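I have placed the structure first, in the form of structure tokens, so that the comments after it can refer back to it.
Model, not experiment: these values are computed from the prediction. Letters go in sequence order (proteins before strands), and every chain restarts at 1.
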There are 2 protein chains.
Amino acid sequence: MKKLTETVNRFNILSEDSLHSFFAKMSPVKIPKGSFLIKENTTANYLYFIESGMLRSYYFANNKEVTISFSFSGDFITSMSSFIKQGPGYENIEALEDCELYQIHYKDLQSLLENDKDLEHIYRILLEQYYIKLEEQLIFSKFKTAKERYLNLLKDNPQIIQKASVGQIASFLDMSLETLSRIRATI
Amino acid sequence: MKKLTETVNRFNILSEDSLHSFFAKMSPVKIPKGSFLIKENTTANYLYFIESGMLRSYYFANNKEVTISFSFSGDFITSMSSFIKQGPGYENIEALEDCELYQIHYKDLQSLLENDKDLEHIYRILLEQYYIKLEEQLIFSKFKTAKERYLNLLKDNPQIIQKASVGQIASFLDMSLETLSRIRATI
DNA sequence: CAAGTCCTTTGACAAATGTCAAAAAATCAA
DNA sequence: TTGATTTTTTGACATTTGTCAAAGGACTTG
């Protein structure tokens, strides 16, 4: 629970009571490499925190996988649209390595947020940060050439390049895996 | 203030007092077509609500305008990254038509959110909704062909196509304006 | 170790899109 | 209205990227 504690304490506002009731609802889950945390067309009932490991979110378009994001230790993850709307989502979330997670059920989170305003405050700030990150991702995705997008990823997220396959990275960067392979050959 | 009242009341949880203190901090602003709400490299001190009109956010890459979003009556708008971090941002926000807005200063919003937990609750839910919208935009931006991206915009946001120029729409859809013009010729 | 599977690279070619330039159309201002 | 300015369309061609196919490596498992 080291990483989770660290992440929540960074805000420095939660009372012992708040911390206690929050941790009480977070239960540990371990999933092996290659297994799925969330499958498309199901409703995401849990929000997860990644204690250790790496995961990938993707959906299918024309029978091809399109990677939306990679997530790491210290990140929260779920199918946001499904979790928030409490309806079926379009994402698959797959463990790229063995993962230690903590999960909290939608209902538990909602009741915590309603009853503990400090927690809602933190949740709000996290949402803001995730929003900004997503906005940055949208901007990077507009970089003109395939090579620019790859070099930017190499600079900002080398962990992704180390651990994901060429095909997964290519689908994240909006290019064919052959194109990515050729770009790598020139560097 | 019709649209703003409607938007806030949709949540149905704010007391008379909350509503009153919120509206008290929202001051009306009118800006003419072609003027700027926010310029790049400045800090966005205000969050705006669009009562009427339409605006465009964009930044520059290789001396070309890249459109990030179009916003309409009923939307909140600002340079989110700049407003949240309270540091210089990369976006320009330009009025595509005469606009009636309400603005709230960063400090006023923060103190409202700290003192009124119902307001923070609404703000949190709005953030969730904007997050999901952004995620959808990211997914649409990955549609493979230029024509698919255009047709999707035509289906989901015809107002954009009616009111923005070919160049602005093309930069939003990640294609050259010539390509967009040719796509339109075939429909 | 060998066979099988999966992932990555390379090649040849096709298709999509970008670029530059000019013409046509629309908009604006006097 | 008319001339000027801006926006959109069209054409010719270059470039980038995708697709299909095959070969080469790496990894797994019996």
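Distance, Leu177(B) CG to dT6(D) C1': 12 Å, rounded to whole Å. Distance Leu173(B) CG to dA16(C) C1': 16 Å, rounded to the nearest Å. Residue Arg184(B) contributes atom CZ, which lies 16 Å from atom P of dA25(C) at whole-angstrom precision. We find that CG of Asn63(B) is positioned 13 Å from P of dT19(C), with the value rounded to whole Å. Summarising the geometry, the separation between CD on Glu178(B) and C1' on dT15(D) is reported as 14 Å, rounded to the nearest angstrom. Look at CD1 on Ile161(B): it is 13 Å from P on dT8(D), rounded to the nearest Å. Between Met175(A) atom CE and dT9(C) atom P there is a gap of 13 Å when expressed in whole angstrom units. Rounded to whole Å, the distance from CZ on Phe143(B) to P on dT17(C) is 14 Å.
In this structure, the separation between CG on Leu127(B) and CD on Glu128(A) is 5.5 Å, given to the nearest 0.5 Å.
Listed nucleotides: dT19(C), dG18(D), dT17(D). Nearest to the side chain of Ala146(A): dT17(D).
In terms of phosphate contacts, Thr179(A) brings a side-chain nitrogen or oxygen within less than 4.0 Å of OP1 or OP2 of dG18(D). When the side-chain nitrogen and oxygen atoms of Lys144(B) are compared with OP1 and OP2 of dT19(D), one or more of them lie within a distance under 4.0 Å. Remark: Thr145(B) is not in phosphate contact with dA16(C), judged by side-chain N or O atoms under 4.0 Å from OP1 or OP2. Remark: Lys64(A) is in phosphate contact with dT19(D), judged by side-chain N or O atoms under 4.0 Å from OP1 or OP2.
Cation-pi check for Lys133(A) over Tyr130(A) is met; the charged atom lies under 6.0 angstrom from the ring centroid and within 45 degrees of its normal.
Taking the six-membered ring where tryptophan is involved, the planes of Phe60(B) and Tyr58(B) are perpendicular, since the angle between them exceeds 60° and thus also 30°.
Checked by distance alone, Arg182(B) brings a side-chain donor or acceptor within 3.5 Å of a matching partner on the base of dG11(D).
In this structure a side-chain-to-backbone donor-acceptor pair under 3.5 Å is present from Ser171(A) to Thr67(A).
Separation of the Phe70(A) and Phe172(A) ring centroids falls under the 6.0 Å cut-off.
Nearest-nucleotide mapping onto DNA chain C: of Val166(A) and Lys147(B), the residue sitting toward the 5' end is Val166(A).
Among the atoms of the strands shown, only primed sugar atoms or phosphate atoms (P, OP1, OP2) are found under 4.0 Å from some heavy atom of Ser165(A). Within the nucleic acid shown, Ser181(A) comes within 4.0 Å of at least one base atom, counting heavy atoms only.
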